[in-house]
Structure formats: structure tokens, C-alpha cells
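This is the structure I have questions about; it appears just below.
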Amino acid sequence: MQELKPARILAIETSCDETACAVLENGRALLSSTVASQMDIHARYGGVFPEVASRQHVLSIIPVVKEALAKSNLTLKDIDAIAVTRGPGLAGSLVVGMNMAKGLALGTSKPIIGVNHLEGHIYSSWIYKSGENVPAEPQFPLMALLVSGGHTELNLMTDHLTYRRLGSTRDDAAGEAFDKVARLLGLSYPGGPSVQRAAEKGNPTRFKFPRAKLDSPYDFSFSGLKTAVLYAVNDLKKKSATLPVEDLAASFQATVVDTLFTKTMRAARDFNAKEILVAGGVSANLPLRETFQSQSEFKVHIPAFSLCTDNAAMIAAAGYYRYALDHTSELGMDVQPTWPLS
Ligand code: KG4
Ligand code: ZN
């Protein structure tokens, strides 16, 4: 593989409800990462309230950037390029990070790189904490399962920054299904961690929920599963005052994990992938991690727990490969709230 030029990237991420900044060396060594979460604010609405998110980003962005830079023990002079999430995400949130990044790039005369948030999630597997053991780099051809709040898709990567989308969800994303089922079961926002917690004490085989049968083996559909949970909840409520929340959560989670695992394995075999990568917020799910790590016939890369949900380190990693492979952006670029990876 070609030797890429060394570079330190400062990256900004504000696509949803986390204001984040990170400094990363040579695409892999993490020098600092700061994430200011708005989760507690949005929890009272049961989901992200876009206008509130945008205002919070305005309040947090300068302190977050200053903190990340200070923790890296560097100054802006030591940074080679500024990376920023350009999309997909909430327009009003993306704009705050984009303007901050443009200001930094303009003020320091450094290049700017607009990064796709989904590409960022994928590149989180390249990152390690500076000073710690260097983990093996993911090898191509790589089958990448992306499972976040807004996206569920399988991409074949034959090289850096090269994606062939084999399939995606026809309706709800896996994270969205976790969030909706959590609400059905009366569990708190965000749904993924609450469902996982409830499922710990539940019986995953008590309810047999359906798996969608689709023409393409690499596509996903989770809305039928969500409806099946709703019907089961309504049925049980008629019979008894107390819901078996733990068993429902465990049975739902087991169905999602099995679907994601089975489809990823099939795609990896069919397309002769060398390794597998799992990324996005749902990759924080413990049973999902355990299933991939213990049952896969391929080597599996799953990011460190702290890098699964939204952060700026992953934007710096993707930004580094874009910078090193001469894919920098124009200062005149705009945010792209809808932006498929391929
Ligand atoms: O990647 P992410 O932080 O934001 C987006 O880009 O969408 O993903 C957020 C999603 C949410 O739907 C959240 O419920 C889910 O990831 N999630 C989890 C877990 N932690 C976060 N889902 C299942 N189990 C978890 N432990
Ligand atoms: Zn995300």
C-alpha cells in the first residue's frame, strides 16, 4: 500500500445532538477528543429537538474546540488541516460546526475537508489512543455494516474512501427501531442503551418476532418487527396490568442482532470480503458486539465503545484519508443534510 503523508487533523462534528472536536495524528493516533452531549436536554422531549440542538451547538462549539486543542497539547500552528462533518444530519446543527471550521481554516490558511458522517463512523475502527498499542488496520476488501440512528446499510470497501452499497433499510434504521421500541415499552431516551439494560434480565426466546423476507438478501426492514412488538404489547396489556418489559426487550434485541449478523456474514461470503467492520451507534450494543466477536468466521473490527456513538475523532480519521489522498474541499462548500455515502 502507498505510504501516506503524515498530518495532524483537527475535526469538528455537530450533525445531531453532540458538539464534538478532536485532534488526530496520521489518521489513527488520537491525541484528544471532547464531546459535549445534549442528551439530558433532549431526553425531556423523548427525541432530538432540532432548534434546541442548534442553539446548544452555538453555546458549546468554542469551549469544545478550545478544550480539544488544549488536551492535545498543540496549538493551531501544529495542525495541518481542519475536517468537519458536512452531512448527513440536521441542517441547523451542521451549519454551526461548518461555520466554525470555515473560520478556523480561513484564519489559519489551512485546508478544509468536508466529511460524510457515515464515512466518519466507518473510519472509527482505524483509531487508537495515542501511546497505547497499535491495533491491526482493517484490510480490504472489507464488508462494512453501518448501524446508526438514521442509517442501516452494508457497504463493500475495496479501498480507502471507496464504497459499494449492497443494501440498506427499506424503512426504519436499526437504531430508530431501538428508539421506537423503547418508547413502546415505556423506557427512557435514548432507546438503544435502555433496551439493552432492560434486556439483560430478560428471556430472548420468549417472544418469536418475525424477520422481514426481502427480495435482496442485503436489504433490511425493521418496521414490521416494531409493529409486532406493538401488537404483543397491546395483547399483553389486555391480559395483565404488568408488561414483561425485560422479555420483550430481550426478544426484540435478539431478533435485531441475529438479522444484522446473518446478513453481514452472507454479504461478506458472497463478495469475498477479507474482514468485517461494524460501525455506528448501535455497534455499542453489547450482545451485538459479542455475537460478531464470537461467531464470525471473518476478523471483525468494532470501534472502542467511546467511539461508537457520535464523536469528532472519527471525522478526523476519515478527514485524514481524504486529506492524504488529495480530496480536500472548497471553503465555499455548504452543508449537505441529505448525503448518501455511495
Ligand atoms: O451513530 P449514532 O450515535 O447517531 C447517528 O448517527 O444516528 O447512533 C445513535 C443510535 C440511536 O438510535 C441509539 O439508540 C443507538 O444508536 N444506540 C444503541 C446503543 N447505544 C446507542 N442501540 C443499541 N444498543 C446500544 N447500546
Ligand atoms: Zn452518527
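We count ligands from 1, going down the list as the structure has it; atoms in each ligand are counted the same way. The figures that follow rest on heavy atoms only: side chains count, while hydrogens, waters and symmetry mates do not.
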Apex the Zn ion (ligand 2); atoms Asp310 OD1 and His121 NE2; angle rounded to 10 degrees: 100°
Under 4.0 Å from a heavy atom of Gln196: which atoms of ligand 1 are those, numbered in the order shown and with their elements? 24 (N), 25 (C), 26 (N)
Heavy-atom neighbours of Ile62 CD1 exceed 12 at 6.0 Å: no
Does atom CZ (Arg55) have a neighbourhood of more than 12 heavy atoms from anything else shown, all under 6.0 Å? no
For Glu18, is the nearest heavy atom under 4.0 Å from an atom of ligand 1? no
Strictly under 6.0 Å, is that where the ring centroids of His327 and Tyr321 end up? no
Which residue and atom name correspond to the protein heavy atom nearest atom 24 (N) of ligand 1, and how close is it? Asn285 ND2, 3.0 Å
Please state whether Gly150 comes within less than 4.0 angstrom of ligand 1, counting heavy atoms only. yes
Within a reach of under 6.0 Å around OH of Tyr231, are more than 12 heavy atoms found that belong to other residues, nucleotides or ligands? no
Which residue owns the protein heavy atom closest to atom 9 (C) of ligand 1, what's the atom, and how far is it? Gly149 N, 3.7 Å
Out of Phe207, Phe222, Phe209, Phe178, which one pairs with Phe252 under the ring-ring contact (aromatic ring centres under 6.0 Å, His included) rule? Phe178
I want to know if ligand 1 touches Leu286 in the polar sense, i.e. an N/O pair below 3.5 angstrom. no
among protein heavy atoms, the one nearest atom 25 (C) of ligand 1 is Gly192 C, 3.7 Å
Is it the case that over 12 heavy atoms from other parts of the model lie below 6.0 angstrom from the NZ atom of Lys102? yes
Under 4.0 Å from one or more heavy atoms of Gly175, ligand 1 contributes atoms 12 (O)
Within the side chain of Arg206, is there an N or O that forms a donor-acceptor pair under 3.5 Å with the backbone of Leu248? no
At a 4.0 Å threshold, what atoms of ligand 1 neighbour a non-hydrogen atom of His117? 6 (O)
So which of Met98, Glu13, Met100 actually passes side-chain contact (heavy atoms from CB on, under 4.5 Å) with Val84? Met98
Protein residue, atom and distance nearest to atom 14 (O) of ligand 1, heavy-atom basis: Asp179 OD1, 2.7 Å
So for atom NZ, which belongs to Lys77, do other residues, nucleotides or ligands contribute more than 12 heavy atoms lying within a distance under 6.0 Å? no
With heavy atoms of Pro193 as the reference, note each atom of ligand 1 found under 4.0 Å away. 19 (C), 20 (N), 21 (C), 25 (C)
Distance to 0.1 Å, residue and atom name: give those for the protein heavy atom nearest to atom 2 (P) of ligand 1. Asp310 OD1, 3.4 Å
Relative to the heavy atoms of Thr309, which atoms of ligand 1 are at a distance of less than 4.0 Å? 3 (O)
With only distance considered, is His121 within less than 3.5 Å of ligand 1 through an N or O on each side? yes
Compute the shortest N/O to N/O distance between Phe178 and ligand 1 and return yes if it is under 3.5 Å, no if not. no
Out of Gly281, Gly191, Ser283, indicate the one that has the non-hydrogen atom closest to atom 20 (N) of ligand 1. Gly281
For Glu297, is there an ion pair with Arg269 - N to carboxylate O distance below 4.0 angstrom? yes
If you measure from the Lys or Arg side-chain nitrogens to the Asp or Glu carboxylate oxygens, is any gap between Lys5 and Asp326 under 4.0 Å? yes
